[in-house]
Novice: 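Below is the structure I would like to discuss, written out as structure tokens.
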Amino acid sequence: MFHVNDWVVYGTSGVYCIVNTDLPDPTGVEKDRRYYELQASKQKCRTYVPMDSSIRMRPVISKEQAHALISHIPDLDTPLCTEQGKNSAEKYYKELLQNSDCETIAGIVHKLTERRNKLLKSGRHMSYTEEKYLRRGRDLLDSEFSVALGIPQEDVASFVRKNMPNK
């Protein structure tokens, strides 16, 4: 169970602060169902999430965990999708982002970035699906690192590049 002022990652929706807990159903339909009230980290909108939701919600990593993760991103061995076809890649990356911890997301963002850079050097491009999930993964990762490290989200990428060891 989460508490007020806890920062959480809610599925692939992003990073939120819990501003209220144990709320009755905001629609008034289900009297016995309880909700978290979530405030988005980078927007003014609020979201109401059932406490018994099947969508994965996990705590944001700590500052120490963020620094440790950044220091070993080049060593992460998260596999890219090897199956052919748009639907295979779509399913693979969607499930990976929905059900993963920050380390797995960092690994897939790193591997997809390496893949994109390698393809660009040879004059080719990544598939639309890989680009889409690279953007989604990077957004999730940057949001989480922003909260964990206490820096603006737009500064996260340069912070990570500066603090990640080169291989």
Side-chain angles (χ1 to χ4, degrees), residues 1-19 36 38-43 45 47 49 53-83 88-167:
M1 177 151 178
F2 297 103
H3 301 71
V4 171
N5 295 324
D6 284 352
W7 284 94
V8 296
V9 177
Y10 177 58
T12 58
S13 297
V15 176
Y16 295 85
C17 182
I18 296 178
V19 295
Y36 291 114
L38 307 176
Q39 171 73 50
S41 66
K42 60 182 180 177
Q43 301 163 344
C45 66
T47 302
V49 177
S53 174
S54 63
I55 297 174
R56 185 166 190 249
M57 189 161 44
R58 63 174 175 79
V60 167
I61 62 173
S62 70
K63 186 174 190 172
E64 295 75 21
Q65 290 170 316
H67 282 288
L69 177 54
I70 290 167
S71 71
H72 79 271
I73 284 177
D75 301 322
L76 297 176
D77 194 27
T78 307
L80 296 176
C81 181
T82 56
E83 294 181 37
S88 297
E90 179 81 28
K91 182 179 178 194
Y92 177 78
Y93 292 118
K94 184 176 183 177
E95 285 180 16
L96 195 66
L97 292 184
Q98 281 180 336
N99 300 312
S100 295
D101 57 15
C102 191
E103 183 173 308
T104 304
I105 294 170
I108 204 65
V109 166
H110 182 67
K111 292 292 185 183
L112 284 172
T113 300
E114 284 183 332
R115 176 171 165 66
R116 183 197 317 142
N117 293 341
K118 186 177 179 181
L119 286 169
L120 287 174
K121 284 181 182 175
S122 65
R124 297 170 40 215
H125 298 279
M126 265 191 340
S127 71
Y128 169 79
T129 301
E130 288 176 320
E131 284 286 353
K132 177 172 90 171
Y133 283 99
L134 173 57
R135 283 190 307 274
R136 283 188 183 174
R138 181 168 282 137
D139 189 50
L140 278 173
L141 192 62
D142 288 356
S143 301
E144 187 162 5
F145 279 163
S146 172
V147 170
L149 298 168
I151 61 175
Q153 187 168 338
E154 57 272 8
D155 296 341
V156 169
S158 63
F159 180 89
V160 170
R161 278 192 302 274
K162 187 167 63 171
N163 291 282
M164 187 173 69
N166 293 327
K167 276 219 157 182

Novice: Between atom NZ of Lys118 and atom CE of Met126, what is the distance when rounded to the nearest 0.5 Å?
Specialist: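 Reported value, rounded in 0.5 Å steps: 13.5 Å.
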Novice: For the residue pair Leu38 and Val19, establish whether any side-chain heavy-atom pair is separated by less than 4.5 Å.
Specialist: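 With C-beta onward as the side chain, the pair stays apart.
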Novice: Which heavy-atom pair separates Pro165 from Ile70 by the least distance, and what is that distance?
Specialist: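 Scanning both residues completely, I find the closest heavy atoms to be CD-O, 3.8 Å.
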Novice: Enter the distance from Leu119:CG to Ser127:OG here, rounded to the nearest 0.5 Å.
Specialist: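 Separation between the atoms: 9.5 Å.
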Novice: List the steps, then state whether side chain to side chain contact (heavy atoms under 4.5 Å, CB included) holds for Gln153 with Phe145.
Specialist: CA-CA 8 Å; Gln153 187 168 338; Phe145 279 163; over 6 Å; no
Novice: Considering the options Arg136, Gln98, Arg56, Lys94, which one meets the side chain to side chain contact (heavy atoms under 4.5 Å, CB included) requirement together with Thr12?
Specialist: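 Going through the options one by one, the only one that passes is Gln98.
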Novice: Is it the case that atom NE2 in His72 sees more than 12 heavy atoms from other parts of the structure closer than 6.0 Å?
Specialist: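 Yes, because the 6.0 Å sphere around NE2 of His72 holds more than 12 heavy atoms from other groups.
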Novice: Can you tell if the side chain of Met164 reaches within under 4.5 Å of the side chain of Arg161, non-hydrogen atoms only?
Specialist: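 Contact flag for Met164/Arg161 side chains = no.
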Novice: Can a side-chain donor-acceptor contact be found between Asp101 and Thr104 if the only test is distance below 3.5 angstrom?
Specialist: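 Side chains of Thr104 and Asp101: pair found under 3.5 Å.
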Novice: Do Thr47 and Ser13 make a side-chain contact, defined as non-hydrogen atoms from C-beta onward lying under 4.5 Å apart?
Specialist: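 A side-chain contact under 4.5 Å is absent here.
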Novice: With rounding to the nearest 0.5 angstrom, report the NZ to CD1 distance, Lys111 to Ile73.
Specialist: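 Rounded to the nearest 0.5 Å, the NZ-CD1 separation comes to 12.0 Å.
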Novice: Between atom OG1 of Thr129 and atom NZ of Lys91, what is the distance when rounded to the nearest 0.5 Å?
Specialist: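 The OG1 atom of Thr129 sits 14.5 Å away from the NZ atom of Lys91.
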Novice: Working note: Asn163 + Ser71, criterion side chain to side chain contact (heavy atoms under 4.5 Å, CB included); need CA distance, chi angles, decisive distance, verdict.
Specialist: CA-CA 7 Å; Asn163 291 282; Ser71 71; over 6 Å; no
Novice: On a heavy-atom basis, which atom in Leu80 and which in Tyr92 lie closest, and how many Å separate them?
Specialist: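 Smallest interatomic distance, heavy atoms only, reads C-CE2, 3.9 Å.
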Novice: Give me the atom names and distance for the closest heavy-atom approach of Arg138 to Thr113.
Specialist: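 In terms of heavy atoms, the two residues are closest at NH2-OG1, 2.8 Å.
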Novice: Check this for me, if you would: do Arg116 and Glu130 make a salt bridge, where the nitrogen-to-carboxylate-oxygen distance has to be below 4.0 angstrom?
Specialist: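 Result for this pair is no, no salt bridge flagged.
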Novice: CE/Met1 to CD1/Ile18 distance, rounded to the nearest 0.5 angstrom?
Specialist: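 Reported value, rounded in 0.5 Å steps: 8.5 Å.
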Novice: Please walk me through it: do Leu149 and His67 pass side chain to side chain contact (heavy atoms under 4.5 Å, CB included)?
Specialist: CA-CA 8 Å; Leu149 298 168; His67 282 288; 3.6 Å; yes
Novice: Can you name the nearest heavy-atom pair linking Ala148 to Ala66, along with the distance?
Specialist: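 Between these two residues, the closest heavy atoms are CB-CB, 4.1 Å.
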Novice: How far apart are the C-alpha atoms of Arg58 and Glu144, what are their side-chain angles, what is the distance that settles it, and do they pass the side chain to side chain contact (heavy atoms under 4.5 Å, CB included) test?
Specialist: CA-CA 11 Å; Arg58 63 174 175 79; Glu144 187 162 5; 2.8 Å; yes
Novice: With no hydrogens and no angle check, is any side-chain donor or acceptor of Tyr10 less than 3.5 Å from a backbone partner on Tyr16?
Specialist: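 The answer is no, because no donor-acceptor pair under 3.5 Å joins these two groups.
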Novice: Taking the side chain as every heavy atom from C-beta outward, state whether Ile55 and Val49 have any pair of such atoms under 4.5 Å apart.
Specialist: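 Side-chain contact under 4.5 Å: no.
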Novice: Contact between Glu90 and Tyr128 at the side-chain level, heavy atoms closer than 4.5 Å - yes or no?
Specialist: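 Of all side-chain heavy-atom pairs linking Tyr128 with Glu90, none is under 4.5 Å.
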Novice: For the residue pair Trp7 and Ser41, what are the closest heavy atoms and their distance?
Specialist: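 Closest approach of Trp7 to Ser41: CZ3-CB, 3.6 Å.
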Novice: So which atom in Ser88 and which in Glu83 form the shortest heavy-atom distance, rounded to 0.1 Å?
Specialist: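 Closest approach of Ser88 to Glu83, heavy atoms only: OG-OE1, 3.4 Å.
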Novice: Any sub-3.5 Å donor-acceptor pair from Tyr93's side-chain atoms to Ile108's backbone N or O?
Specialist: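 No.
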Novice: Working to the nearest 0.5 angstrom, can you tell me the gap between Ile105 CD1 and Leu76 CG?
Specialist: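 Interatomic distance, Ile105 CD1 to Leu76 CG, rounded to 0.5 Å: 12.0 Å.
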